[in-house]
Participant: 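The structure that follows is given in the form of structure tokens.
Since the structure is predicted, the reported quantities are computational estimates derived from the model, not experimental observations. Indexing begins at 1, ligand by ligand and atom by atom, following the structure's order. One is the number of the first residue; the rest follow in order along the sequence. We use all heavy atoms of the structure for the numbers below, so side chains are in, but hydrogens, waters and symmetry mates are not.
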Amino acid sequence: MSSDLAAATSPQAAMRATELRTILEEHLYRYHVLDQPTIADAEYDALFNELTALEAAHPELAVADSPTQRVGSKVLDAFAPVTHRVPMLSMGNAFSAEDAQNFDRRCREGLGAVDEQIEYACEPKFDGLAITLVYVDGVFVQGATRGDGAVGEDVTENLRTVRSIPLSLSATHGVVPKLLEVRGEVLMLKKDFQRLNERQAAKGEKLFVNPRNAAAGTLRQLDSKLVAQRPLAFFAYGVGAVEGADLPKSHSAMMAWLEALRFPVTRERRVVKGLADLLDFYKDIGARRPQLPFEIDGVVYKVNSFAAQEKLGFVSRAPRFATAHKFPAEEATTVLLGIDVQVGRTGAITPVARLQPVFVGGTTVSNATLHNEDEIRRKDLKIGDTVIVRRAGDVIPEVAAVIYAKRPADAQNFVMPTHCPQCNSLIEKLEGEAIARCTGGLFCPSQRKQALLHFAGRRAVDIEGLGDKLVEQIVDANLVRTPADVYRLGLTALSNLDRMAEKSANNLLIAIEKSKKTTLAKFLFGLGIRHVGESTAKDLTKHFGNLDAVMNASVEALLEVNDVGPVVAQSLRNFFDQPHNREVVEQLRACGVTWAEKEFVHVPPSKQDLNRITAPDMDLPALAVGPFTGKTVVLTGTLPTLSRDEAKDKLEAAGAKVAGSVSKKTDFVIAGAEAGSKLEKAIELNVTVLDEAQFLELLQK
Ligand code: IVH
């Protein structure tokens, strides 16, 4: 069809071009503003290509507000200055409930309404960059940054590429003024930021610290074609100059009007009355902050009535009628004082940043994880560097970036120690592994502590009350060296420990006693054999039935077990070949740790295996088969009612295997709140995603 029309007469071509522009902009609106696409990308592309061909064949049809203009244009030397018709102001800040209270009081006083509850419009404070968009006769003609508030930079070509910014306004959606300046924030959605950084990493290019920096770096690109490839978003929150139309009478009505004109405005806005409501809004948005698709650094309160706003006016360059109630910053600058290493249960060495204490994300942070040596190299981190520390929500603090400009001349490289700081054993890094390990095994007090914690964990033998503080003490006091020693602890020794009254010592002894009755799978898992997770421990139990059979199995025999490969088999063999490990097992048995055992005859095929190979003439009872039987399922995020362990138990009872990461082999992903990259991977690989309700419903089938 495109070729026909390319050759068509101008009036026909013009009509089709107008039609295509309307259709394409409608789809951009549905996709980028409403978040409800109604056509496939390929269909959109076909229409877009048709319009491109048409405009190429009929250059006289080209217009500035065509969606074909969203791909970027020539590279600029610099951005031209733009003087704002109405200055772009900043706002006062509130950092506490008391500050918010003072803001409300000043508004009531200023309006001579001390005893009344003022109506406020509340919205998020977007953590992006303020811009202004100028529309003349409904056509987008200029976009500029805030700059110093009076003069900004002309970034029109870059903003044209932002798909959610309308290139033209239609009178069918609302009153279109002769001149309209719309103000708002350009930002990058969290998911787009993550994807952008993944792409940067894949190309070996520098990572952006946060979505705000990514958006700022993008908006300041002189090559708009590059900008077109980076996903920027926009949210409107106000207007500047308006000519040739009357404005609505309140902020909320104006937002509704902008929304009708198809500007993206956030749904997270509310009209409230009085101080208590303001604080409720702050709390509510704060709680949902991690789930919001964009970064915010607080909320904004605005007196809703424009007449009241005018009456309150301005003090110096900030309005009296609005304030930003800020959240504690999630990022802060501090100095990297040193890098220590921590030793994990399997000897894994994790470098930890020792920081000059800094208040970030609501607490004082003095340590941050650095993951591994490669990570330090990738970030080009040196001791003495000034760094940006990030602590978002309950996530472990991390070093987000280095400020190279502040690097002192005597900054030191991190050198991985050759010997374990805890036990002085050799640290080794195997070929092809990112992680260095202490070779001390249970000789290393640090590994011993972690091993004990693991053994006592809920999914292992489950000793309630044996937590990290206590383990730290009993190992340091040399009361316990191996898990077996736990069963020899007496009341006197325990009662002598710090903060340990006789009653809690007694409770602990009861819990220790209770843990003696366990299952083989829990026991095997509790031993902390490398690569032997819960599911492998269960497979081993199912296959061998008793501990001696597992301990004595050859690598070949181990390889017969469902899902056991060479690495796991070798690791099991290595573990049980060590006399001291066998010794600990024997001691545990001698202390009375027991479980039900079965006779191991000879690789008895499981019912599941038999089912798989059941030929019609084999008269075997079929297993109860449900939707999860034999399926691989991954859990991610926080489910509304079930804990991770409960969900796992239910899945395993239904015959599913619960895996830790998503791959092509995954059958289902069950996702809850704050599901991150696993959910994205599931979507990418077309894996069925269930929420908790759907999961529970399927379980019934
Ligand atoms: S209104 C007269 N609303 O905050 C007030 N600003 O401190 C003009 N910002 O540069 C701004 N979210 O970049 C307003 N919902 C919001 C906002 C918001 C973020 C930023 C904006 C401005 C700064 C003012």
Participant: Taking the non-hydrogen atoms of Ala318, is any one of them nearer than 4.0 angstrom to ligand 1?
Facilitator: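 The answer is no, since Ala318 has no heavy atom less than 4.0 Å from ligand 1.
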
Participant: Step through the shown structure and confirm whether more than 12 heavy atoms of other residues, nucleotides or ligands are within 6.0 Å of CZ on Arg644.
Facilitator: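 Enclosed: over 12 neighbouring heavy atoms sit under 6.0 Å from CZ of Arg644.
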
Participant: Is the count of non-hydrogen atoms from other residues, nucleotides or ligands lying under 6.0 Å from Lys74 atom NZ greater than 12?
Facilitator: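 Result for NZ/Lys74: open.
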
Participant: Just distances here: any N/O of Phe321 and N/O of ligand 1 closer than 3.5 Å?
Facilitator: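 Between Phe321 and ligand 1 (N or O atoms, distance only) the closest approach is not under 3.5 Å.
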
Participant: Checking a contact table here: which protein heavy atom is nearest atom 7 (O) of ligand 1, and how many Å away?
Facilitator: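 Result for atom 7 (O) of ligand 1: Met91 N, 3.2 Å.
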
Participant: Please compare Leu129, Ile131, Leu89 and report which has the shortest non-hydrogen distance to atom 8 (C) of ligand 1.
Facilitator: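 Residue with the shortest heavy-atom distance to the ligand atom: Leu89.
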
Participant: Using a heavy-atom cut-off of under 4.0 Å, does the side chain or the backbone of Glu185 touch ligand 1, or both, or neither?
Facilitator: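 For Glu185, the contact with ligand 1 is made by the side chain alone.
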
Participant: Out of all atoms in ligand 1, which are within 4.0 Å of some heavy atom of Arg146? Include the element for each.
Facilitator: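 Those qualifying, in numeric order: 10 (O).
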
Participant: Strictly under 4.0 Å, does any heavy atom of Lys302 approach an atom of ligand 1?
Facilitator: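 Heavy atoms of Lys302 do come under 4.0 Å of ligand 1.
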
Participant: Is the closest side-chain heavy-atom distance between Tyr120 and Asp277 below 4.5 Å?
Facilitator: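 Result no, sub-4.5 Å side-chain heavy-atom pair not found.
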
Participant: Provide, to 0.1 Å, the distance between atom 2 (C) of ligand 1 and the closest protein heavy atom, together with that atom's residue and name.
Facilitator: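 Of every protein heavy atom, Pro319 CG, 3.4 Å lies nearest to atom 2 (C) of ligand 1.
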
Participant: Tell me which part of Ala324 gets within contact of ligand 1: side chain, backbone, both or neither, using heavy atoms under 4.0 Å.
Facilitator: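 The answer is neither.
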
Participant: With rounding to the nearest 0.5 angstrom, report the CD1 to CE distance, Ile131 to Met88.
Facilitator: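 Ile131 atom CD1 to Met88 atom CE measures 7.5 Å (nearest 0.5 Å).
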
Participant: Look at Glu398 together with Lys379 and state whether they make a salt bridge at an N to O cut-off of under 4.0 Å.
Facilitator: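 No salt bridge links Glu398 with Lys379.
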
Participant: Any side-chain donor paired with an acceptor under 3.5 Å for Glu123 and His251?
Facilitator: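 Glu123 vs His251: donor-acceptor pair found between side chains.
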
Participant: Taking only Lys NZ, Arg NE, NH1 and NH2, and the carboxylate oxygens of Asp or Glu, determine whether Glu330 and Arg212 approach each other closer than 4.0 Å.
Facilitator: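 No.
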
Participant: Is it true that the NZ or CZ of Arg262 lies under 6.0 Å from the centre of Tyr29's six-membered ring and within 45 degrees of the ring axis?
Facilitator: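 That pair qualifies as a cation-pi contact.
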
Participant: Just jot down the ligand 1 atoms closer than 4.0 angstrom to any heavy atom of Glu123, in number order.
Facilitator: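 Answer, ordered by atom number: 3 (N), 15 (N), 16 (C).
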
Participant: If we only count N/O pairs under 3.5 Å, is Val300 in contact with ligand 1?
Facilitator: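 No - when backbone and side-chain N and O of Val300 are compared with those of ligand 1, no distance drops under 3.5 Å.
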
Participant: Tell me whether Tyr237 has any N or O atom under 3.5 angstrom from an N or O of ligand 1.
Facilitator: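 N/O-N/O distance under 3.5 Å: yes.
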
Participant: Does a side chain donor of either Gln194 or Ser677 reach within less than 3.5 Å of an acceptor in the other side chain?
Facilitator: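 Looking only at side-chain atoms, Ser677 and Gln194 do not form any donor-acceptor pair under 3.5 Å.
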
Participant: Give me the nearest non-hydrogen protein atom to atom 12 (N) of ligand 1 as residue plus atom name, then the distance to 0.1 Å.
Facilitator: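 In this structure, atom 12 (N) of ligand 1 has Phe126 N, 3.0 Å as its nearest protein heavy atom.
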
